[in-house]
Amino acid sequence: GHLRAALEEAAQRHEEAMAAADATVRQVREAAEGRFGYELQARLSKLQSKVNDLAEKEARNGMRMTALAEELAGARNTAHLEYARRVEIERALHESAAIFKQQIWSKDESIG
């Protein structure tokens with residue numbers, strides 16, 4: 001009976017040691033997963049932040065491009081209007097010159 005009791009006690013101690021080892025492994029794994037999860041979360045947050053920054057920069061660049069395009073369109077419109085105005089002035093000058101020549105021609109005719 002003495003040997004049997006010693007063996008049972010050894011088996012009990014072995015089971016307890018195994019259970020403790022399992023618990024330790026589980027704790028270490030959970031801690032590692034927790035830390036990994038935290039690091040992953042931190043890395044994801046950092047990435048998300050970078051993506052947001054890039055998106056903001058894109059939006060700002062887009063707005064800048066839109067403003068420049070509008071400015072360019074305005075300048076083109078102004079240039080077209082100015083060109084049309086100059087063409088109209090040229091036409092009016094030619095017309096005036098033609099009328100003036102016609103009047104001089106008429107006077108010459110009436111003199112002669």
Side-chain angles (χ1 to χ4, degrees):
H2 194 296
L3 184 61
R4 186 186 171 116
L7 281 174
E8 280 177 0
E9 193 181 318
Q12 181 66 35
R13 255 191 255 131
H14 177 71
E15 274 182 37
E16 286 170 7
M18 288 302 289
D22 279 348
T24 302
V25 166
R26 199 166 48 249
Q27 282 174 350
V28 168
R29 187 187 299 132
E30 283 169 7
E33 282 172 359
R35 190 169 68 242
F36 175 71
Y38 174 76
E39 285 172 6
L40 185 64
Q41 201 59 46
R43 213 177 294 162
L44 282 174
S45 294
K46 220 181 264 183
L47 272 174
Q48 188 61 54
S49 178
K50 278 184 183 174
V51 167
N52 291 345
D53 287 350
L54 280 173
E56 278 179 34
K57 277 183 190 165
E58 276 302 306
R60 279 198 303 270
N61 284 340
M63 281 162 39
R64 211 173 288 141
M65 290 293 281
T66 302
L68 284 172
E70 285 171 1
E71 208 176 304
L72 181 62
R76 278 190 180 144
N77 196 33
T78 301
H80 285 307
L81 289 173
E82 182 63 20
Y83 176 75
R85 193 179 69 82
R86 286 185 182 187
V87 166
E88 182 54 34
I89 289 170
E90 286 283 321
R91 192 196 58 72
L93 280 173
H94 283 295
E95 195 176 297
S96 296
I99 290 169
F100 185 65
K101 282 179 185 170
Q102 186 63 45
Q103 286 173 346
I104 289 175
W105 185 258
S106 297
K107 281 184 184 162
D108 283 351
E109 287 287 309
S110 63
I111 292 171

Straight-line distance of Leu3 CG to Glu8 CD, nearest 0.5 Å: 10.5 Å

Gap between atom CG of Leu72 and atom CE of Met65 - 0.5 Å precision: 10.5 Å

Co-members of the apolar cluster containing Ile104 [side chain, <4.5 Å]: Phe100

Check ion pair Arg91-Glu88 (N to O, under 4.0 angstrom): yes

Transitive ILVMFWY cluster of Val51, excluding itself - 4.5 Å side-chain cut-off: none

Gap separating the CE atom of Met63 from the CG atom of Asn61, nearest 0.5 angstrom: 10.0 Å

Asn52 and Glu56: side chain donor to acceptor below 3.5 Å: no

Test item: Ser49 side-chain N/O and Ser45 main-chain N/O as donor-acceptor pair under 3.5 Å: no

Chi angles and distances behind the salt bridge (charged side-chain N to carboxylate O under 4.0 Å, His left out) call for Glu90, Arg86: CA-CA 6 Å; Glu90 286 283 321; Arg86 286 185 182 187; over 6 Å; no

Polar side chain donor-acceptor pair, Gln12 to Glu16, under 3.5 angstrom: yes

Greater than 12 external heavy atoms within 6.0 Å of Arg60's CZ: yes

Note: Glu82-Arg85 ion pair, threshold 4.0 Å (strictly below): yes

Value rounded to 0.5 Å, distance of NZ in Lys57 from NZ in Lys50: 10.5 Å

Nearest-0.5 Å distance, CZ of residue Arg64 to CD of residue Glu71: 13.0 Å

